[in-house]
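Here's the structure we're looking at; comments come further down.
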2 protein chains.
Amino acid sequence: MDLLSMEKNKAKSQSSRESYRWFWDALDSYLSDKNLKQTQQRRKLIELFLKMNNHISAEELHDAARKAGHNIGLATIYRTLNLLSEADLVEQKSFVNGRHVYEVNMPGEHHDHLICLKCGLVIEFENEEIEKLQERIATAHKFELKAHRLDLFGHCANKEECDLRNTN
Amino acid sequence: MDLLSMEKNKAKSQSSRESYRWFWDALDSYLSDKNLKQTQQRRKLIELFLKMNNHISAEELHDAARKAGHNIGLATIYRTLNLLSEADLVEQKSFVNGRHVYEVNMPGEHHDHLICLKCGLVIEFENEEIEKLQERIATAHKFELKAHRLDLFGHCANKEECDLRNTN
DNA sequence: GTGAATGCAAACATTTTGCAGGGTG
DNA sequence: CACCCTGCAAAATGTTTGCATTCAC
């Protein structure tokens with residue numbers, strides 16, 4: 001009954017460079033489909049975005065770009081993220097506030113979240129049983145299920161790190 | 001295996017006047033605890049809010065107040081909704097866009113949603129099995145679970161009504 | 001070269017805040 | 001009568017849009 005081991009470990013696969021091949025490929029075909037262009041800024045932004053942890057806001061990506069020495073307008077950040085969103089390559093979420101955060105949309109994978117209310121720590125998890133139940137509930141209501149969002153809010157265990165993050 | 005009948009029917013209990021006694025009581029004690037005051041505007045707004053269906057935005061409540069003949073500033077709407085939010089009497093959510101919607105926070109009850117992507121129809125449901133699984137997942141990650149949000153997105157069955165609502 | 005992409009600034013939408021006046025306990 | 005609450009307007013926040021210029025194909 002070890003739930004933890006039932007969840008796939010995505011962190012590893014996401015950190016290697018090659019694992020995002022599918023992302024760049026999908027982007028390429030989306031761009032040529034729509035007669036859109038590859039640009040320096042887009043490539044740089046997406047590289048940065050993929051290197052950062054998930055749940056990035058436009059502002060964070062903007063800062064990251066500036067720190068990497070690129071002078072890219074905030075408008076371009078939004079336009080790029082919206083593009084990726086329309087291409088179904090990232091997902092736009094709003095956890096709290098009016099702030100949108102974006103995350104890579106791995107096809108066929110789901111992104112449920114455990115979120116610490118004190119420090120904002122986000123842990124991803126996946127649970128097949130819950131997925132199945134969701135399908136059953138949708139069917140019972142004659143809904144054709146397209147997507148879902150499951151966020152669990154609580155307090156994480158690690159007091160020190162939690163307090164640390166909280167001071168930001 | 002009839003999931004529908006496993007869910008409590010809240011619509012009925014919410015529509016009767018008396019059923020919100022607990023809400024007003026909780027509000028009273030919150031206000032006196034914090035040395036806050038009862039005012040005409042607050043009472044009116046809350047009465048309206050409780051009479052309306054759930055998932056109300058500040059703007060919608062503002063309109064409702066205007067239509068009821070009250071001249072209440074939008075700032076007061078926000079301040080009231082935030083007050084109720086801090087008192088844990090309503091829950092602030094953001095389904096889409098940057099728009100917050102609010103719903104009554106029935107103590108001990110959960111508000112999961114089935115949302116039609118085409119027409120915006122919202123159906124509430126409750127499922128004990130999912131609740132239990134959530135608790136287990138949180139525990140496995142050493143989280144103390146405080147709240148959750150589960151939204152299922154899909155397409156509803158009723159084509160005509162769906163198209164109708166969609167034109168708004 | 002044509003049309004899309006960029007940066008900037010202005011526009012926009014939603015929510016918060018400052019302030020003077022009015023109401024509640 | 002102290003202090004909270006209100007309405008209004010201004011500010012703050014997050015996101016989008018218009019426009020002239022630059023860049024990709």
Side-chain angles (χ1 to χ4, degrees), chain A residues 24 27-49 55-66 68-87 90-102 120 168, chain B residues 24 27-49 55-66 68-87 90-102:
Chain A
W24 291 105
L27 179 62
D28 280 358
S29 71
Y30 182 82
L31 291 180
S32 52
D33 265 23
K34 301 260 178 183
N35 270 40
L36 306 179
K37 321 208 155 164
Q38 309 249 190
T39 66
Q40 292 282 325
Q41 288 93 331
R42 265 187 207 159
R43 256 192 300 273
K44 286 297 173 198
L45 284 178
I46 295 169
E47 268 171 30
L48 280 171
F49 181 76
H55 314 109
I56 303 301
S57 68
E59 206 65 54
E60 286 170 320
L61 188 52
H62 193 212
D63 287 350
R66 165 167 297 126
H70 307 297
N71 182 22
I72 301 183
L74 187 52
T76 300
I77 314 276
Y78 278 107
R79 284 190 274 231
T80 300
L81 289 172
N82 287 342
L83 173 81
L84 294 177
S85 206
E86 294 206 357
V90 311
E91 213 178 329
Q92 188 190 64
K93 315 206 154 188
S94 52
F95 281 140
V96 273
N97 312 12
R99 227 190 193 95
H100 288 158
V101 296
Y102 300 81
N168 298 342
Chain B
W24 292 105
L27 178 63
D28 280 359
S29 72
Y30 182 82
L31 291 179
S32 52
D33 265 22
K34 301 260 176 182
N35 271 41
L36 306 179
K37 320 210 155 161
Q38 309 248 189
T39 66
Q40 292 282 324
Q41 289 93 329
R42 282 222 257 257
R43 255 192 301 274
K44 286 298 173 194
L45 284 179
I46 295 170
E47 269 171 30
L48 279 172
F49 181 76
H55 314 107
I56 302 301
S57 69
E59 205 65 53
E60 286 171 321
L61 187 53
H62 193 213
D63 287 350
R66 166 166 298 126
H70 307 299
N71 182 21
I72 301 182
L74 188 51
T76 300
I77 313 275
Y78 278 107
R79 283 190 274 233
T80 301
L81 288 172
N82 288 342
L83 173 80
L84 294 177
S85 206
E86 293 204 357
V90 310
E91 211 178 330
Q92 188 190 65
K93 316 206 152 187
S94 50
F95 278 139
V96 273
N97 312 14
R99 229 191 189 95
H100 289 158
V101 295
Y102 301 82

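For clarity, every value in this text was computed on a predicted model and none was experimentally measured. Throughout, protein chains are lettered first and strands after them, A, B, ... in sequence-line order, and every chain is numbered starting at 1.
In this structure, CZ on B/Arg43 lies 9.5 Å from CG on B/Leu27, to the nearest 0.5 angstrom. Of the inter-residue distances, the one linking A/Lys93 atom NZ with A/His55 atom NE2 reads 6.5 Å to the nearest 0.5 angstrom. To the nearest 0.5 Å, the span separating CG on A/Asp28 from CG on A/Leu36 amounts to 12.0 Å. A/Leu48 contributes atom CG, which lies 10.0 Å from atom CD1 of A/Ile56 (distance to the nearest 0.5 angstrom). Between B/Gln38 atom CD and B/Ile46 atom CD1 the span is 8.5 Å, to the nearest 0.5 Å. A distance of 5.5 Å separates CZ in B/Arg42 from CG in B/Leu31, rounded to the nearest 0.5 Å.
One interatomic measurement links the two molecules: CZ of A/Arg66 to C1' of C/dT6, which rounds to 16 Å at whole-angstrom precision. Summarising the geometry, the separation between CD1 on A/Ile46 and C1' on C/dA5 is reported as 13 Å, rounded to the nearest angstrom. B/Leu83 has its CG atom 9 Å from the P atom of D/dT6, to the nearest Å. Between A/His62 atom NE2 and D/dG14 atom P there is a gap of 14 Å when expressed in whole angstrom units. In this structure, B/His70 places its NE2 atom 19 Å from P of D/dC5, rounding to the nearest Å.
Side-chain N/O atoms of B/Gln41 include one lying less than 4.0 angstrom from OP1 or OP2 on D/dG7. Put simply, B/Asn71 has no side-chain N or O that comes within less than 4.0 Å of OP1 or OP2 on D/dT6. The side chain of A/Thr39 contributes an N or O atom lying less than 4.0 Å from OP1 or OP2 of C/dT6.
Contact annotation: the side chain of A/Leu84 never approaches that of A/Tyr30 to less than 4.5 Å [non-hydrogen atoms, C-beta and beyond]. In this structure, B/Lys34 and B/Glu86 have side chains that are not in contact, with every pair of non-hydrogen atoms separated by 4.5 Å or more.
A heavy atom lying under 4.0 Å from DNA chain D marks the following residues of residues 27-38 of chain A, by number: A/Lys37, A/Gln38.
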Strictly under 3.5 Å: I want the nitrogen or oxygen pairs between protein and nucleotides 14-16 of chain C, one per line.
from, atom 1, to, atom 2, distance (Å)
C/dT14, OP1, B/Arg99, NH1, 2.6
C/dT15, OP1, B/His100, N, 2.9
C/dT15, OP1, B/His100, ND1, 3.4
C/dT15, OP2, B/Tyr78, OH, 2.2
C/dT15, O5', B/Tyr78, OH, 3.2
C/dT16, OP2, B/Asn82, ND2, 2.9

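Within the 3.5 Å criterion, the main-chain N or O of A/His62 finds no donor-acceptor partner in the side chain of A/His70.
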